[in-house]
Amino acid sequence: MNEKKALLGLTLEELKAVAKEMGMPAFTGGQMAQWLYNQKVTTIDEMTNISKANREKLKAGYTIGCQPPVDCQRSKDGTVKYLFPAGGRYVETVFIPDKDRATLCVSCQIGCKMNCLFCQTGKQGFEGQLTPTEILNQIYSLPEREQLTNIVFMGQGEPMDNLDAVLRATEILTDANGFAWSPRRITVSSVGIKNKLKRFLDESECHVAISLHHPLHAQRAELMPAEKAMPIKEVVELLRQYDFSHQRRLSFEYIVFQGVNDSIIHAKEILRLLQGLDCRINLIRFHQIPDVPLKGVDDRKMEELRDYLTGHGIFTTIRASRGQDIYAACGLLNTKYKEKMS
């Protein structure tokens, strides 16, 4: 018996093709798009303006493709970490409410190949790519879906290493016949896979965030093995070819580690590296993860770096720490759930 295909993640034209394949009029594809992306139905039977006979045809070969989370952890600050099923495994998604904003941090892979020293997901290794359906399901099946104002691809996995699926997901999110979000509400992160990043910059209008974490080649390579094949200097040179002076934003993520990348000398190297780029820097506090010798810094050191960088021309913010009581890093809820199930 053939496995049913998911409707979630199909464009309007593809939904029209499904209708045609099933012997239905093309406008049925438009009805499906409305039910999926406007009404966000969970079953084909809820598509009540499609005839019962046609719904039965659809159900024989298709399903919506949505799956609810299997576990969650709630923080005292309102942050919620969800665990969604994906490809027989699980991925984490974090909902972060903050006054009039509500951000969702989504995953794009099961595990990650990048193996950054400071990342819990990297310790798990790579287990598989998420499909566009599985990426979108993290938004579609989120209990707080209607509250969302922003989406960041900063969960488990490297977005540029699953670029086709990420581009398809952002296409559906921003298409007028999809979720109809502005691309300015979506930020996609990357360690800097240069050829893939170029394609993303050419094919998407979403914001871009680059994981920097150290301005110098040898030291960054110790933290992030990807630096050996994809030096940050080359990534920055690529970014210089694009215009970030209008609505599209370029930011650099910088986790601050005690004695590793936290001095004014490092700040001067950041300025040298990014000189002339229209960008901002987000300083991030590091919270300990198991079996990693890195340590975070105090507020005074964070503020010193922020003030120096901003004072020398690069707008810099300190990202507020959220949900510390429920997770120290991506991957911990996933690990805990797998242990519980086994």
Side-chain angles (χ1 to χ4, degrees), residues 75-79 94 96 98-99 101 103 105 114 116-120 122 150 152 154 187 189-192 207-227 231-233 235-237 239-240 244-245 249-330:
S75 168
K76 59 190 177 187
D77 67 17
T79 300
V94 183
I96 310 164
D98 184 18
K99 298 175 185 172
R101 287 170 61 95
T103 300
C105 181
M114 299 300 113
C116 297
L117 178 61
F118 48 84
C119 177
Q120 181 68 25
N150 298 83
V152 294
M154 296 181 185
T187 301
S189 70
S190 177
V191 301
H207 297 315
V208 179
I210 301 298
S211 299
L212 176 57
H213 310 312
H214 206 294
L216 299 174
H217 173 71
Q219 293 90 328
R220 187 172 186 261
E222 289 177 8
L223 293 171
M224 306 170 68
E227 168 71 15
I232 190 63
K233 280 189 177 180
V235 174
V236 169
E237 286 310 307
L239 293 166
R240 290 187 191 283
F244 296 100
S245 63
R249 190 170 64 236
L250 169 64
S251 57
F252 288 86
E253 309 290 297
Y254 195 88
I255 302 175
V256 185
F257 304 110
Q258 186 182 104
V260 175
N261 64 354
D262 62 343
S263 72
I264 295 302
I265 292 171
H266 295 112
K268 288 178 179 177
E269 291 296 336
I270 292 171
L271 291 170
R272 193 195 315 272
L273 176 69
L274 305 182
Q275 185 177 18
L277 258 187
D278 202 310
C279 64
R280 62 176 63 192
I281 296 172
N282 295 318
L283 299 179
I284 303 168
R285 292 176 176 84
F286 178 66
H287 301 294
Q288 206 76 31
I289 63 173
D291 305 317
V292 170
L294 298 166
K295 295 181 180 177
V297 302
D298 59 21
D299 288 347
R300 181 193 62 80
K301 178 61 76 172
M302 296 287 286
E303 290 163 6
E304 181 182 274
L305 279 175
R306 177 198 63 195
D307 295 346
Y308 186 88
L309 290 165
T310 297
H312 287 78
I314 300 183
F315 178 65
T316 302
T317 60
I318 298 171
R319 182 179 295 166
S321 294
R322 299 295 304 271
Q324 284 177 250
D325 55 322
I326 59 167
Y327 66 95
C330 283

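Counting from 1, the numbers follow the sequence of the chain as shown.
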Looking at M224 and L212, what are the two nearest heavy atoms and their distance?
SD-O, 3.6 Å
Does CD in E303 sit with more than 12 non-hydrogen atoms of other residues, nucleotides or ligands closer than 6.0 Å?
yes
Quick one: closest heavy-atom pair of F244 and L239, and the distance?
CE1-O, 3.6 Å
side-chain hydrogen bond (donor to acceptor under 3.5 Å, both in side chains) involving N282 - partner list, sequence neighbours excluded:
E253, T317
Please name the pair of heavy atoms, one in H266 and one in D262, separated by the smallest distance, quoted to 0.1 Å.
ND1-N, 3.4 Å
Check whether any side-chain heavy atom of E269 lies under 4.5 Å from a side-chain heavy atom of L273, and answer yes or no.
no
Closest non-hydrogen atoms of C116 and P225, given as atom of the first, atom of the second and distance, are CA-CD, 4.1 Å
Is a side-chain donor or acceptor of R220 paired with a backbone partner of H213 at a separation under 3.5 angstrom?
no
What distance do I270 atom CD1 and I281 atom CD1 have between them, rounded to the nearest 0.5 Å?
5.0 Å
At their closest point, which heavy atom of A226 faces which heavy atom of M114, and how far apart are they?
CB-SD, 4.1 Å
Is the side chain of H214 donor-acceptor paired with the backbone N or O of V260 at a distance under 3.5 Å, no angle test?
yes
Side-chain touch P290/Q120, heavy atoms, less than 4.5 angstrom
yes
Minimum heavy-atom distance V292-Q288, with the two atoms named:
O-NE2, 2.9 Å
Passes side chain to side chain contact (heavy atoms under 4.5 Å, CB included), R280 versus R249? Steps please.
CA-CA 8 Å; R280 62 176 63 192; R249 190 170 64 236; 3.2 Å; yes
Give a yes or no on whether the backbone of D77 and the side-chain of T79 come within a donor-acceptor separation of less than 3.5 Å.
no
Test item: E304 side-chain N/O and D299 main-chain N/O as donor-acceptor pair under 3.5 Å:
no
Would you say the rings of F286 and F118 are close, in the sense that their centroids are separated by under 6.0 Å?
no
Residue pair L274, V236: steps toward the side chain to side chain contact (heavy atoms under 4.5 Å, CB included) verdict
CA-CA 7 Å; L274 305 182; V236 169; 3.9 Å; yes
The reported gap from CD1 in I314 to CG in L271 (rounded to nearest 0.5 angstrom) is 5.0 Å
Around atom CZ of R240, are there more than 12 heavy atoms of other residues, nucleotides or ligands at under 6.0 Å?
yes
For the atom pair CG (L283) and OG1 (T316), what is the distance rounded to the nearest 0.5 Å?
6.0 Å
Is there any side-chain hydrogen bond (donor to acceptor under 3.5 Å, both in side chains) pair reaching into residues 305-315, and which pairs are they, with sequence neighbours excluded?
none
I232/E227 under side chain to side chain contact (heavy atoms under 4.5 Å, CB included): CA gap, chis, key distance, verdict:
CA-CA 7 Å; I232 190 63; E227 168 71 15; 3.6 Å; yes
Please step through side chain to side chain contact (heavy atoms under 4.5 Å, CB included) for the pair L223 and Q219, ending with a clear verdict.
CA-CA 7 Å; L223 293 171; Q219 293 90 328; over 6 Å; no
Nearest 0.5 Å, please: how far is CD1 in I318 from CD1 in I284?
11.5 Å
Here the gap from S190 atom OG to I210 atom CD1, rounded to the nearest 0.5 Å, amounts to 5.0 Å
About how many Å separate CZ of R319 and CE of M302, when rounded to the nearest 0.5 Å?
10.0 Å
Is it the case that the side chain of Y254 and the backbone of N261 share a donor-acceptor pair, with hydrogens and angles ignored and the cut-off at 3.5 Å?
yes
